[in-house]
Amino acid sequence: MEHFSVIQTLCRIGLEGTDPRFRKQVERLRDRLRTGGDEKAAAALDRLLAGVSSEHSLTPSAVEVSRLLVTGDELTANIHPPADRETSVPLAEVILDPGAGRPAPIYSETLTMALDAMLGEWKQVTTLREMGVEPSRSCLIYGPPGTGKTLTAFWLAAQLRLPVINARIDGLVSSFLGTTARNIANLFTFANRYRCMLVLDEFDALAKMRDDPHEVGEIKRVVNTLLQNLDARAGTGLTVAITNHDALLDPAVWRRFENHIRIDLPDERTRFAMLNAFLRPLDVDEDVVRTLVFIVGARSGSFLKNFADALKRILALSRSDVSGTAILAAAKALVPRLSIDENQTSAASMFVNDEATFVGALLHSGMPIRQASVAKMLGVSQSTISRYAQDYAAREAPREGVANA
Ligand SMILES: Nc1ncnc2c1ncn2[C@@H]1O[C@H](COP(=O)(O)OP(=O)(O)OP(=O)(O)O)[C@@H](O)[C@H]1O
Ligand SMILES: [Mg+2]
C-alpha cells in the first residue's frame with residue numbers, strides 16, 4: 001500500500017493517545033487491508049495495536065511519567081499568572097489541557113523521529129537515571145512562520161499530560177526601563193512553582209529589541225536575567241522556546257537549550273498528508289490531492305490549512321457534487337485570492353493561465369499522477385493530455401540538455 005510507512009507512523013502516534021475512536025479506526029483500516037489481501041500491512045497494524053495496548057497496561061500512565069520529569073504544585077483554573085505592574089496585562093496564559101481543540105500535527109518522517117526520540121527520553125526518566133543521567137529539559141523550536149511550531153510545543157505538553165504556561169515574549173517586553181527584566185523574573189518564579197511546561201513563544205522579540213540602539217543597556221540586563229532564570233530552571237522545569245529567526249538569537253541563549261528542533265516548510269509527502277487531513281471530511285482522490293500539492297508549491301502547514309478551508313467553503317456554497325473537476329475549479333478561483341501565483345513561472349500561475357504547460361509540468365514533476373486522472377479532473381480527453389505531455393517534453397528536454405551541458 002502506498003505511503004504505508006507514513007500511515008503506520010500516524011497510527012503509532014495516534015495510538016499513544018487514549019481516544020478509543022482512534023483505536024477503532026485503526027482496527028477498521030487493518031480489517032480493510034486484510035480483506036483487500038494486504039496481509040503484510042494488516043499484520044503490521046496488528047503489531048501496533050497489540051504493542052500499544054500492552055505498553056499502556058505495563059507502563060505507568062502519562063501523568064505518572066511526567067511527575068518523574070517535572071514536579072511542583074498542581075495548576076488549577078483558579079491560579080492566575082503574574083501581570084505587568086504598569087499595564088496589568090498578564091505575563092502568560094495558563095492552558096490546563098493543551099491538547100484540547102488542537103489538531104494533531106503532521107510531520108515529515110525525519111521530524112517525527114526527532115520528536116519521538118526527545119519524547120522518549122522525557123517519558124523514560126527512570127531508565128535514564130539508572131544510567132546516571134538526567135533527562136534533557138529544554139528545547140528550542142525554530143523555523144519559518146506557520147510551520148506548526150506553537151502547535152508542536154502544545155502537542156509535546158499534551159503527550160506528557162502537562163499543563164502549559166504560555167508566555168509571549170513580546171508581551172513581556174515593556175517600554176518601561178527595568179520592567180522587562182522584572183517581568184521575566186516574575187514569570188520564571190511563577191512557572192518554577194508549578195508542574196507545567198513553560199512555553200516561551202515569539203522569542204524574536206528579544207532579538208528585535210537588540211537592534212534598537214536606545215535599548216543597549218536594557219537588552220543586556222534582559223538577556224542576563226533570562227540566562228540566569230534559564231540556568232536556575234534547567235534542573236527542574238521543562239522549557240520550550242520558539243522562534244522564527246534563530247540567527248538573531250543571542251548565542252548564549254541558544255546554548256542554554258539542550259534540544260534544537262528545526263521545523264521547515266513541509267516536503268512534498270508531508271504536504272500531501274496535510275492536505276488530505278485538512279480536506280476531511282471530503283474523501284478526495286489521491287491524484288487530485290497531488291495536483292493541489294503541485295499547484296500550491298512549497299508552503300507552510302498554516303497556508304495549506306487556510307487553502308483547504310477556503311476550498312471547502314467554495315465547495316459547500318456551490319452545492320455541486322464534490323468531484324475532482326469541482327475541486328480544481330474551486331482551486332482556480334482561489335489562486336488569485338490567496339496570492340499563490342507570485343511569479344509567472346509558478347505552478348499556480350501556469351494552472352490559471354496556461355493549462356497545457358501546467359499539465360506538462362505536472363506530469364513531469366516526478367509525482368505518481370496518472371494521465372487518466374488529469375484528463376478526468378480537467379474535463380479534457382486523455383489524448384489531449386498525452387499531447388500536452390509530449391509537447392512539454394519536446395520543449396523542455398532541449399532546454400534541460402543545455403542546462404546540463
Ligand atoms: N505540521 C503541521 N501539522 C498540522 N497542522 C499544521 C502544521 N503546521 C501548521 N499547521 C496549521 O497551521 C496552524 C498554525 O500553526 P502554528 O501557529 O503552530 O505555526 P507557527 O510555526 O507557530 O507559526 P508562527 O511562526 O507564525 O507563530 C495550526 O493551527 C495548524 O492548523
Ligand atoms: Mg507560533
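All ligand and atom numbering here is 1-based and tracks the order in the structure.
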### Query
Please state which protein non-hydrogen atom is closest to atom 27 (O) of ligand 1 and give its distance, to 0.1 Å?
E202 OE2, 3.8 Å

### Closest protein heavy atom (residue, atom, distance) for atom 24 (P) of ligand 1
G146 N, 3.6 Å

### Query
Of all the atoms in N244, is at least one N, O or S atom closer to the Mg ion (ligand 2) than 2.8 Å?
no

### Task
Please write down residue, atom name and distance for the protein heavy atom closest to atom 12 (O) of ligand 1.
S302 CA, 3.1 Å

### Message
Ring centroids only, cut at 6.0 angstrom: are Y392 and Y388 within range, meaning strictly under it?
### Response
no

### Task
In sequence, state the C-alpha distance, the side-chain angles, and the governing distance for T270 and M274, and then conclude on side chain to side chain contact (heavy atoms under 4.5 Å, CB included).
CA-CA 6 Å; T270 315; M274 282 178 174; 4.2 Å; yes

### Message
Students often mix this up, so state it plainly: with edges at 30° and 60°, are the rings of H3 and F272 parallel, tilted or perpendicular?
### Response
tilted

### Query
For K149, is at least one N or O under 3.5 Å away from an N or O on ligand 1?
yes

### Message
Could you tell me if S108 and D267 have a donor-acceptor pair between their side chains, going purely by distance under 3.5 Å?
### Response
no

### Query
Taking the six-membered ring of Y142, is NZ or CZ of K149 closer than 6.0 Å to its centre and within 45° of its axis?
no

### Message
Quick test of your reading of the structure: of D201, T147, L111, T150, whose heavy atom lies closest to atom 8 (N) of ligand 1?
### Response
T147

### Query
Parallel, tilted or perpendicular: which describes the rings of W155 and Y107, with under 30° parallel and over 60° perpendicular?
perpendicular

### Protein contact to atom 16 (P) of ligand 1 [nearest heavy atom, distance to 0.1 Å]
G148 CA, 3.8 Å

### Query
Out of curiosity, is F278 lining ligand 1, as in a heavy atom under 4.0 Å away?
yes

### Message
For D73, is there an ion pair with R195 - N to carboxylate O distance below 4.0 angstrom?
### Response
no

### Summary
the protein heavy atom lying closest to atom 6 (C) of ligand 1 turns out to be L151 CD2, 3.7 Å

## Note on the structure
Among non-hydrogen protein atoms, atom 1 (N) of ligand 1 lies closest to I106 O, 2.8 Å

### Query
Between M274 and ligand 1, which residue portion shows a heavy-atom distance shorter than 4.0 Å: side chain, backbone, both, or neither?
side chain

